[in-house]
Colleague: 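Before we start, here is the structure in question, set down as structure tokens.
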Amino acid sequence: DVKVTQSSRYLVKRTGEKVFLECVQDMDHENMFWYRQDPGLGLRLIYFSYDVKMKEKGDIPEGYSVSREKKERFSLILESASTNQTSMYLCASSLGVSHGELFFGEGSRLTVL
Amino acid sequence: QKEVEQDPGPLSVPEGAIVSLNCTYSNSAFQYFMWYRQYSRKGPELLMYTYSSGNKEDGRFTAQVDKSSKYISLFIRDSQPSDSATYLCAMREAAGNKLTFGGGTRVLVKP
């Protein structure tokens with residue numbers, strides 16, 4: 001069974017803290033993605049990666065960075081968390097350019113106080 | 001204006017009714033169209049995947065794409081309480097793997 005695992009389901013952080021969100025997939029997928037989901041706004045792409053050590057900005061990269069040191073792992077980093085980064089963060093992976101199906105993790109709900 | 005528009009709902013229907021969902025979009029380059037289902041406190045999962053215009057049927061689910069009107073639909077026949085979820089449309093251009101999502105429609109099927 002395919003699996004995308006996000007290490008933390010719920011986090012509460014303070015403004016200014018550094019936050020790491022980890023995502024691991026066991027499907028040997030080339031592509032990995034980080035989205036945030038907010039009510040009424042749907043899913044918005046933060047960053048994505050087509051290969052190890054490769055990253056591309058999505059639609060809303062400001063305030064975020066990513067790391068992909070291994071094929072199966074894609075980390076999202078908030079260098080200095082702010083209250084407007086309170087959101088649900090979803091990691092996803094997909095097989096290749098010609099495949100549109102994304103496999104999602106269960107999400108990490110981050111609250112920044 | 002958002003690139004993909006979707007009525008947020010909630011859409012409440014009795015069990016057994018037909019659920020009709022739709023999205024409109026502005027980017028004529030979109031070629032691939034998807035519907036994802038998201039249960040509460042879970043990640044989205046792919047429900048239907050269609051290319052270009054036309055219909056696609058899978059069990060109780062039918063997806064329609066009308067590229068001339070920039071309009072896609074999802075129909076759920078004989079709806080069940082287990083269909084209660086948020087339904088997200090998504091679409092992408094022919095080149096690249098980046099999806100653009102609608103805001104999602106929350107559906108509640110009452111027994």
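Within every chain, numbering begins at 1; the chains are lettered A, B, ... in the order of the sequence lines, protein sequences first and strands thereafter. Source: prediction; values computed, not measured.
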Colleague: Can B/Y49 and B/Y36 be counted as having a side-chain donor-acceptor contact under 3.5 angstrom?
Modeller: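 Judged by distance alone, the side chains do not pair up.
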Colleague: B/Y51: what forms a side chain to side chain contact (heavy atoms under 4.5 Å, CB included) with it, not counting sequence neighbours?
Modeller: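 B/Y51 satisfies side chain to side chain contact (heavy atoms under 4.5 Å, CB included) with B/Q31, B/Y32 only.
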Colleague: Going by atom types alone, do B/D7 and B/T105 pair a side-chain donor with an acceptor below 3.5 Å?
Modeller: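 Distance-only check fails for B/D7 and B/T105.
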Colleague: Taking the six-membered ring for Trp and the full ring for Phe, Tyr or His, determine whether the centres of A/F104 and A/F33 are under 6.0 Å apart.
Modeller: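 Between A/F33 and A/F104, which both carry aromatic rings, the centre distance is not below 6.0 Å.
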Colleague: For B/P8, is it the side chain, the backbone, both, or neither that has a heavy atom closer than 4.5 Å to a heavy atom of chain A?
Modeller: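 Neither part.
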Colleague: With only heavy atoms counted, which part of A/Y10 is less than 4.5 Å from chain B, the side chain, the backbone, both or neither?
Modeller: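 The answer is the side chain of A/Y10.
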Colleague: For B/S26, give me all partners under side chain to side chain contact (heavy atoms under 4.5 Å, CB included), at least two apart in sequence or on another chain.
Modeller: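 B/S26 satisfies side chain to side chain contact (heavy atoms under 4.5 Å, CB included) with B/E3 once adjacent residues are dropped.
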Colleague: My understanding is that a hydrophobic cluster links ILVMFWY residues whose side chain heavy atoms are under 4.5 Å apart, including indirect links. Using that, what else belongs to the cluster containing B/V4?
Modeller: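 Listed partners: B/L11, B/V13, B/V19, B/L21, B/Y25, B/F30, B/F33, B/W35, B/L47, B/M48, B/F61, B/V65, B/I72, B/L74, B/I76, B/Y87, B/M91, B/V107, B/V109.
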Colleague: Heavy-atom cut-off 4.5 Å, strictly under: side chain, backbone, both or neither for B/Q6 against chain A?
Modeller: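 Neither part.
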Colleague: Using non-hydrogen atoms and a 4.5 Å limit, figure out which bit of A/R44 sits close to chain B: side chain, backbone, both or neither.
Modeller: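 Contact with chain B involves no heavy atom of A/R44 at all.
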Colleague: Is any residue of residues 105-113 of chain A within less than 4.5 Å of chain B by heavy atoms, and which ones?
Modeller: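 Near chain B, by residue number: A/G105, A/E106.
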Colleague: Does B/E5 pair with B/K70 as a salt bridge, N-O distance under 4.0 Å?
Modeller: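 Between B/K70 and B/E5 there is no salt bridge, as every charged N stays at least 4.0 Å from the carboxylate O atoms.
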Colleague: Quick one: what part of A/L90 sits under 4.5 Å from any heavy atom of chain B, side chain, backbone, both or neither?
Modeller: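 Contact with chain B: side chain only.
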Colleague: Hey, are B/K56 and B/D58 close enough for a salt bridge, meaning a charged N less than 4.0 Å from a carboxylate O?
Modeller: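 Judged by the 4.0 Å cut-off on N to carboxylate O distance, B/K56 and B/D58 do not form a salt bridge.
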Colleague: Checking A/Q37 against chain B: side chain, backbone, both or neither under 4.5 Å from a heavy atom?
Modeller: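 The side chain, not the backbone.
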Colleague: Is the closest basic N to carboxylate O distance between B/D83 and B/R60 below 4.0 Å?
Modeller: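 Yes, B/D83 and B/R60 are salt-bridged.
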